[in-house]
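One structure is given below, encoded as structure tokens.
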Amino acid sequence: MRAIVIYATCEGQTERIAKRCADVMRRAGVATDTYDVTRNDVAELAVESFDAVMLGSSLHYAEHDPRIAWCIREHRQQLASIPTAFFSVSLGIISEHAKDRAEAEWLADEFLHDQSFNPTRRACFAGALRYSKYGWLKKRLMRWIAEKSGSKTVTTQDYEYTDWNAVNAFATDFTALLIGNTTERLQSTLAS
Ligand SMILES: Cc1cc2nc3c(=O)[nH]c(=O)nc-3n(C[C@H](O)[C@H](O)[C@H](O)COP(=O)(O)O)c2cc1C
């Protein structure tokens with residue numbers, strides 16, 4: 001069994017989540033690679049050499065990364081025949097407004113629907129506000145968005161909102177499926 005976590009990231013939060021998922025999978029005995037389509041050419045990735053695929057993308061300006069969309073479309077037949085997972089990373093998902101949270105879920109569903117992709121597992125995770133990585137304009141924009149959604153607006157520091165327990169649980173659940181174990185049993189094996 002060989003698995004891969006393919007991801008697109010701008011400021012690194014999706015990468016952190018992808019690497020955490022890969023770590024969980026490896027600790028459970030699944031040989032797992034990671035591939036950043038932001039830094040590497042997605043067309044060069046031999047997706048067909050993997051038995052399970054997890055894909056992740058952050059949301060920017062209400063869009064998931066087009067390279068992840070391309071990868072899904074290009075490998076649609078294979079992805080339909082193996083265990084797959086998809087996760088979306090956004091800030092809308094932890095907004096204090098229910099409408100924003102629902103929109104973040106909807107954008108993930110629409111993205112999957114647009115690629116005719118029905119992953120075996122799917123999740124939406126909260127990302128991060130990395131003010132230190134934004135330029136002047138982006139910093140102002142993100143501060144404005146943060147203010148509207150009830151997130152932190154002090155731009156001299158970064159904020160991480162990712163629920164790592166939820167990420168661990170998602171990766172454990174997917175891995176349990178791959179190795180034919182129950183999520184509960186695998187959870188206790190990984191904890192010991
Ligand atoms: C320029 C910009 C635009 C963003 N647009 C959205 C958005 O439309 N909806 C949303 O929920 N989050 C949005 N976010 C929040 C990101 O999804 C969040 O910061 C995430 O952690 C980014 O992950 P990454 O570092 O892997 O790219 C935006 C962030 C930035 C910097």
Side-chain angles (χ1 to χ4, degrees), residues 1-80 82-94 104 107-108 110-112 114-115 117 119-135 138-139 142 158-164 166-175 178:
M1 163 74 65
R2 270 189 81 203
I4 187 163
V5 184
I6 306 167
Y7 63 92
T9 189
C10 285
E11 288 91 31
Q13 196 62 16
T14 307
E15 177 167 62
R16 281 188 190 87
I17 295 171
K19 290 193 166 166
R20 171 64 66 89
C21 289
D23 272 356
V24 170
M25 292 160 78
R26 282 185 207 118
R27 282 177 51 220
V30 177
T32 307
D33 291 354
T34 56
Y35 195 87
D36 177 1
V37 301
T38 325
R39 291 192 202 113
N40 304 288
D41 186 353
V42 63
E44 288 188 359
L45 177 61
V47 177
E48 61 283 355
S49 47
F50 295 93
D51 310 301
V53 174
M54 179 183 283
L55 297 125
S57 169
S58 52
L59 201 54
H60 281 82
Y61 304 112
E63 301 273 356
H64 290 90
D65 196 283
R67 288 160 289 199
I68 293 293
W70 183 89
C71 183
I72 292 171
R73 285 198 305 274
E74 191 68 14
H75 301 283
R76 186 178 290 145
Q77 272 195 358
Q78 186 209 348
L79 294 179
I82 59 172
T84 52
F86 173 79
F87 66 87
S88 166
V89 180
S90 69
L91 285 177
I93 202 72
I94 40 109
L107 286 167
E110 272 301 290
F111 176 75
L112 297 174
D114 287 350
Q115 322 316 323
F117 180 44
T120 324
R121 295 287 186 271
R122 161 214 178 281
C124 289
F125 297 123
L129 266 173
R130 302 252 173 236
Y131 286 117
S132 64
K133 297 209 171 180
Y134 307 150
K138 216 185 249 189
K139 201 179 267 187
M142 293 312 290
D158 294 346
Y159 303 92
E160 187 180 80
Y161 297 99
T162 306
D163 177 347
W164 290 106
V167 173
N168 288 341
F170 175 71
T172 305
D173 180 44
F174 185 57
T175 312
L178 303 186

* Donor-acceptor pair, Ser57 side chain versus Ile68 backbone, under 3.5 Å? -> no
* Structure fact -> One should read off an interatomic distance between Cys71 SG and Asp65 CG, to the nearest 0.5 angstrom, of 10.5 Å
* Asked: Would you say the side-chain atoms of Thr38 pair up with the backbone N or O of Thr9, donor to acceptor, closer than 3.5 Å?
  -> yes
* Using a distance-only test with no angle check, is there a side-chain donor-acceptor pair under 3.5 angstrom linking Gln13 and Thr162? -> yes
* Asked: Are Phe125 and Tyr161 close enough, and set up right, to give a ring pair (Phe, Tyr, Trp, His ring centres under 6.0 Å), and what steps lead you there?
  -> CA-CA 9 Å; Phe125 297 123; Tyr161 297 99; over 10 Å; no
* Would the number of heavy atoms belonging to other residues, nucleotides or ligands and lying under 6.0 Å from CD of Glu48 be above 12? -> yes
* To do: Inspect the contact between Asp36 and Arg39 and indicate whether a charged nitrogen and a carboxylate oxygen are less than 4.0 angstrom apart.
  => yes
* Between NE2 on residue His64 and OG on residue Ser88, distance to nearest 0.5 Å -> 3.0 Å
* To do: Taking Thr84 for its side chain and Thr120 for its backbone only, find out whether a donor-acceptor pair lies under 3.5 Å.
  => yes
* Asked: Donor-acceptor pair, Asp158 side chain versus Ser132 backbone, under 3.5 Å?
  -> yes
* To do: Describe, in one word, how the ring planes of Tyr159 and Tyr131 are oriented to each other, choosing from parallel (under 30°), tilted (30 to 60°) and perpendicular (over 60°).
  => perpendicular
* To do: Look at Glu11 together with Lys138 and state whether they make a salt bridge at an N to O cut-off of under 4.0 Å.
  => yes
* Structure fact -> Between Phe86 and the options Phe117, Tyr7, Phe111, the ring-ring contact (aromatic ring centres under 6.0 Å, His included) test singles out Phe111
* Side-chain donor or acceptor of Arg76 paired with backbone N/O of Gln115 under 3.5 Å -> yes
* Could you give the distance from CZ (Arg67) to CG (Asn40), rounded to the nearest 0.5 Å? -> 10.5 Å
* Asked: Quick one: does Ser49's side chain have a donor or acceptor within less than 3.5 Å of a partner on Val47's backbone?
  -> no
